[in-house]
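Structure first, then comments.
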Amino acid sequence: MSKDQKPVINLHGKQDPDSKIEAIKNLIFGDNIQSYDAEFEALKEDILNKKKILEDLIEEVGTDLRKSIDDVSTDVNIRITDLENSLATKMEDLDGKSVAKETLGKLLIELGEKVSSK
């Protein structure tokens with residue numbers, strides 16, 4: 001075979017399918033296939049590295065978000081408890097004032113009776 005001639009590959013014979021693919025790649029791309037393969041491998045590795053970085057960032061953001069939600073939940077629970085206590089205190093004050101009104105009413109009636117009896 002001379003330098004200008006390339007070996008003829010029998011694509012119809014019994015060959016491994018991978019070798020057929022390699023033969024087709026060699027016919028299409030020629031000698032550049034190794035550089036293409038190297039570039040594709042570099043791109044693949046770069047994509048996998050960036051995927052790992054993104055997954056780590058997503059996990060970090062998820063952790064921060066869960067912590068923030070827990071903090072907000074705790075804060076809301078504290079505020080609700082404070083409001084319940086405040087409401088209970090104000091209701092007790094109102095109950096005390098209404099009792100005082102009843103007592104005042106009774107005292108005024110008694111005073112009116114004493115004044116009218118004299």
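- The line from NZ of Lys90 to CG of Leu83 is 9.0 Å long, rounded to the nearest 0.5 Å.
- Tracing side-chain contacts under 4.5 Å through hydrophobic residues (I, L, V, M, F, W, Y), one reaches Ile24 starting from Phe40; they form part of the same cluster.
- The main-chain N or O of Asp82 is never found under 3.5 Å from a side-chain atom of Ser86 such that the two would form a donor-acceptor pair.
- Checked options Val76, Thr81, Thr74; the residue passing with Ile78 is Thr74 (criterion: side-chain contact (heavy atoms from CB on, under 4.5 Å)).
- Once rounded to the nearest 0.5 Å, the distance linking CG of Leu65 with CD1 of Ile58 reads 12.5 Å.
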Does Glu59 form a salt bridge (Lys or Arg N to Asp or Glu O under 4.0 Å) with Arg66? I'd like the steps, not just the answer.
CA-CA 10 Å; Glu59 182 63 31; Arg66 282 188 289 278; 3.5 Å; yes

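- Checked for salt-bridge contact, Glu60 and Lys67 miss the test: no charged N lies under 4.0 Å from a carboxylate O.
- In this structure, the separation between CG on Asn49 and CG on Leu54 is 11.0 Å, given to the nearest 0.5 Å.
- Within 6.0 Å of the CD atom in Glu45, the count of heavy atoms belonging to other residues, nucleotides or ligands does not exceed 12.
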Kindly indicate, with the supporting measurements, whether the criterion salt bridge (Lys or Arg N to Asp or Glu O under 4.0 Å) is fulfilled by Asp56 and Lys52.
CA-CA 6 Å; Asp56 291 345; Lys52 175 70 173 132; 3.0 Å; yes

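- Distance check: Ile109 CD1 to Leu104 CG gives 10.0 Å after rounding to the nearest 0.5 Å.
- Leu107 CG to Lys114 NZ: the interatomic distance, rounded to the nearest 0.5 Å, is 9.0 Å.
- From Asp75, atom CG reaches atom CD1 of Ile80 across 10.0 Å, with rounding to the nearest 0.5 Å.
- Put simply, the side chain of Thr89 gets close to the backbone of Asn85: a donor and an acceptor are under 3.5 Å apart.
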